[in-house]
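The structure under discussion appears below in the form of structure tokens.
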Amino acid sequence: MKLQAVRGFKDWLPEEAIKYQYLIELARRELKLANFQEIKIPVLEKTELFVRSIGEVTDIVQKETYTFEDRNKELLTLRPEATAGICRMVIEHGLYMRPKPLKFFFVGPMFRHERPQKGRLREFFQIDVEFMGNLTPYYEVELLELALKILKKPLSQDKDPFTLEINSLGCPACRPAFREYLLQALEKEKERLCETCKERLSRNPLRILDCKKEQCKEVVRGLRAISEFWCKECKGHFEAIKSLLEERKILYVINPYLVRGLDYYVRTIFEIKGEGLGAQDTVCAGGRYDFLIKELGGPELPATGFAIGLERWALCIFGEKDLPEHLSEELKPNAVLIPLGEEAKLRGLSLINDLRDKGIKISAFFEDRSLKAMLREADKLGASFVLILGEEELKEDKIVLKDMKRGTQEKLFINELFERLSGTSQ
RNA sequence: GAGGCCGUAGCUCAACGGUAGAGCACCGGGCUGUGGCCCCGGGUGUUGCGGGUUCGAGUCCCGUCGGCCUCCCCA
């Protein structure tokens, strides 16, 4: 059996890595401008954290986590999402005592044991953004706008492959009534539901709302909407969000059947869907989790957040197309040094260091191959310039600078090199 | 976790149940101080893996691993 990567775990070849780096950098810049602070949480947490946060009966916890025993018999889980870990961090280090709102972001891999397909991996990267503090609709809209801004950043202005869907799940004051209603109403229609939805009835009836089966959709269409059950506060809150979104000219769709797979959400939840992704089209999703921190043993601290799926985002932006030129350029050296002979190699070793200190991206060939062969290699690497340092040049403290695009070359003093190369750096 | 399609060289793909091939890439040479173009030469392979049927399997059957699609679920 050939050695291969674990199913659903992907290598990033340079051409892939450069795309992800580029997107992460764009997001990072935007988040820092909004004064979000980058943090890091562990890949591994105690299983209990996810059971208590995401919910014991959710699909994620029941069948999608990588959970195993440590050597000391403790149950550990590879994080399937970042919010729980960040809440734990906030509680453990008393960060809730810092000036609020707390604004954090984190970029890293998440793990879910699902059947892989396009846009769905077992190890996937999220850009996770969390916002904790007294929440007014202004903060929520600020965050929604930020999410959309980040997603659209790498696209030209006329392109917008993203749609924002929002809904409100109500709060502990009003959601139980809707849940009760759902249970009663669906119990009567039980026979018309699909098998999975019959099971959901006892476990997580809200999830039946976004079942994709036509038979279930029909049943769901006959139900009263969740909005009819919102309490006065939730209703007002949602109205405020809507009017602010309109004020900001942010297009949105109200999806009354939008629910989430994680138990901790209350009130506003949202998904941003992208084009060209197939069945896995949610690029970004999030919502409010006002009581999670308290439930995990911290103070009452309302919060909201979202996560961008990096690989899905990249599919939206780059599709199946070739690497854009500005990124393929980044994989190329500005110059390649070809020293000929032992003495030249020694001189070359110090020269490349000096040039790198001055910000020139340079690679060197120290092999005993023909000049021809090494020039060919330099060409394949896409080097703009080649520096040839042979014995003749060395005697005069000079070097040959060859412009690979023009095919011209000149001999100049080594100490003139930096000046000649510095303007040409990409 | 359920169903469907697929798996041949590094890549894209051919090969009726009868000797595993092409293009690109790669390696060597033409050309030991000058790249791209060109010419010559090289197939680089456990046909994903393991069984079975057959005189004979890349091809048919079963299992398994992996990919894609749908479901499930979600980023």
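For clarity, every value in this text was computed on a predicted model and none was experimentally measured. Just so we're on the same page: letters track the sequence lines, and every chain starts at 1.
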Cationic tip of A/Lys358 within the cone over A/Phe418's six-membered ring, i.e. under 6.0 Å and within 45° of the normal? yes
Do A/Glu123 and A/Lys10 sit within salt-bridge range, that is, some charged N less than 4.0 Å from a carboxylate O? no
Relative to the 5' end of RNA chain B, which residue comes earlier, A/Arg120 or A/Ile308, by the nucleotide with the nearest heavy atom? A/Arg120
Is there a side-chain contact between A/Glu30 and A/Lys153, using heavy atoms and a 4.5 Å cut-off? yes
What nucleotide among B/C72, B/A75, B/G3 has an atom nearest to a side-chain atom of A/Arg260? B/A75
For the pair made of CD in A/Gln117 and C1' in B/C6, what is the distance, rounded to whole Å? 15 Å
Given B/G67, B/C69, B/A75, which nucleotide is nearest the side-chain atoms of A/Pro116? B/G67
What is the distance from NE2 of A/His113 to C1' of B/C72, rounded to the nearest Å? 13 Å
Taking CD from A/Glu114 and C1' from B/C71, how many angstroms apart are they, rounded to a whole number? 12 Å
Atom-to-atom span, CZ of A/Phe270 to P of B/C74 - whole angstrom: 16 Å
Pick the C1' atom in B/G58 and in B/U47, then give their distance to the nearest Å. 5 Å
Among all residues two or more places apart in sequence or in another chain, which pass the salt bridge (charged side-chain N to carboxylate O under 4.0 Å, His left out) test with A/Arg376? none
Any donor-acceptor pair, under 3.5 Å, between the side chain of A/Arg312 and the base of B/C74, if you only look at N and O atoms? yes
With sugar-phosphate meaning primed atoms plus P, OP1 and OP2, does A/Gly8 contact a base, only sugar-phosphate, or nothing at under 4.0 Å between heavy atoms? sugar-phosphate
Among B/C69, B/A75, B/G67, which is the nearest nucleotide to the side chain of A/Arg7? B/G67
Under the salt bridge (charged side-chain N to carboxylate O under 4.0 Å, His left out) rule, collect the residues that match up with A/Glu275, sequence neighbours excluded. none
Would you measure the distance from the C1' atom in B/G41 across to the matching atom in B/U53 and give it in whole Å? 43 Å
Nearest-angstrom distance from the residue atom CZ of A/Arg122 to C1' of B/C74: 14 Å
Suppose you measure atom C1' in B/C16 against the same atom in B/G21; what distance do you get, rounded to whole Å? 16 Å
Taking the same atom, C1', in B/U8 and in B/G4, what whole-Å distance lies between them? 23 Å
Can you tell me if A/Phe125 is stacked onto the base of B/A75, using a 5.5 Å centroid cut-off and an angle below 30°? no
In whole Å, I'd like the distance from the CZ atom of A/Arg115 to the P atom of B/C69. 12 Å
Taking the same atom, P, in B/U12 and in B/C68, what whole-Å distance lies between them? 13 Å
A side-chain contact here means heavy atoms from C-beta on lying under 4.5 Å apart; do A/Phe229 and A/Tyr181 qualify? yes
Using the P atom as the reference point in each nucleotide, state the distance between B/G33 and B/C13 in Å, no decimals. 43 Å
For the P atoms, the ones on B/G35 and on B/G18, what distance do you get once it is rounded to whole angstrom? 48 Å
Please list every donor-acceptor pair under 3.5 Å in which a side-chain atom of residues 75-92 of chain A meets a protein atom from a residue at least two apart or in another chain.
residue: A/Thr77; atom: OG1; partner: A/Thr47; partner atom: OG1; Å: 2.8
residue: A/Thr77; atom: OG1; partner: A/Thr67; partner atom: OG1; Å: 2.8
residue: A/Arg79; atom: NE; partner: A/Pro109; partner atom: O; Å: 2.7
residue: A/Arg79; atom: NH1; partner: A/Ile41; partner atom: O; Å: 3.0
residue: A/Arg79; atom: NH1; partner: A/Pro42; partner atom: O; Å: 3.0
residue: A/Arg79; atom: NH2; partner: A/Pro109; partner atom: O; Å: 2.9
residue: A/Glu81; atom: OE1; partner: A/Thr83; partner atom: N; Å: 3.4
residue: A/Glu81; atom: OE1; partner: A/Thr83; partner atom: OG1; Å: 3.4
residue: A/Glu81; atom: OE1; partner: A/Tyr264; partner atom: OH; Å: 2.5
residue: A/Glu81; atom: OE2; partner: A/Ala84; partner atom: N; Å: 3.0
residue: A/Thr83; atom: OG1; partner: A/Glu130; partner atom: OE2; Å: 2.8
residue: A/Arg88; atom: NE; partner: A/Glu92; partner atom: OE1; Å: 3.0
residue: A/Arg88; atom: NH1; partner: A/Glu45; partner atom: OE1; Å: 2.9
residue: A/Arg88; atom: NH1; partner: A/Glu45; partner atom: OE2; Å: 2.4

Quick one: list whatever passes ring-ring contact (aromatic ring centres under 6.0 Å, His included) with A/Phe366, sequence neighbours left out. none
Students often get this wrong, so: under 4.0 angstrom with heavy atoms, is A/Leu121 touching a base, only sugar-phosphate, or nothing? base
Run the salt bridge (charged side-chain N to carboxylate O under 4.0 Å, His left out) test against A/Lys411 and tell me which residues pass, sequence neighbours left out. A/Glu396
Need one value for A/Gln280: base, sugar-phosphate or nothing, where a base atom within 4.0 Å counts as base even if backbone is also close, heavy atoms only. base
Below 4.0 angstrom, which residues in residues 14-27 of chain A have at least one non-hydrogen atom near RNA chain B? none
Hits for ring-ring contact (aromatic ring centres under 6.0 Å, His included) against A/Phe270, two or more places apart or cross-chain, chain-then-number order -> none
Could you state the CD-C1' distance from A/Glu64 to B/A75, rounded to the nearest angstrom? 12 Å
Using Watson-Crick pairs (N1 to N3, plus N6-O4 or O6-N4) and G-U wobble pairs, both distances under 3.5 Å, which stems of at least 3 pairs involve RNA chain B? B:1-7 with B:65-71, B:10-13 with B:21-24, B:26-30 with B:38-42, B:48-52 with B:60-64
Close side-chain approach of A/Phe385 to A/Arg420, heavy-atom, < 4.5 Å: no
Once side chain to side chain donor-acceptor pair (under 3.5 Å) is applied, do any residues pair with A/Glu342, and if so which ones, sequence neighbours excluded? A/Lys345
Atom-pair distance (CD1 on A/Ile272; P on B/C74), nearest Å: 18 Å
So what does A/Ala378 touch, heavy atoms closer than 4.0 Å: a base, only the sugar-phosphate, or nothing? nothing
Where at least one partner belongs to residues 282-294 of chain A, residue pairs that pass salt bridge (charged side-chain N to carboxylate O under 4.0 Å, His left out), sequence neighbours excluded: A/Glu140-A/Arg288, A/Arg288-A/Asp290, A/Lys294-A/Glu300
Qualifying residues under side chain to side chain donor-acceptor pair (under 3.5 Å), relative to A/Glu165, sequence neighbours excluded: A/Asn255
Expected string for nucleotides 27-42 of chain B under the B/S/- scheme (protein heavy atoms, under 4.0 Å, primed atoms plus P, OP1, OP2 as sugar-phosphate) is S---B-BBBB------
If I pick the P atom on B/A20 and the same atom on B/C24, what distance separates them, to the nearest angstrom? 24 Å
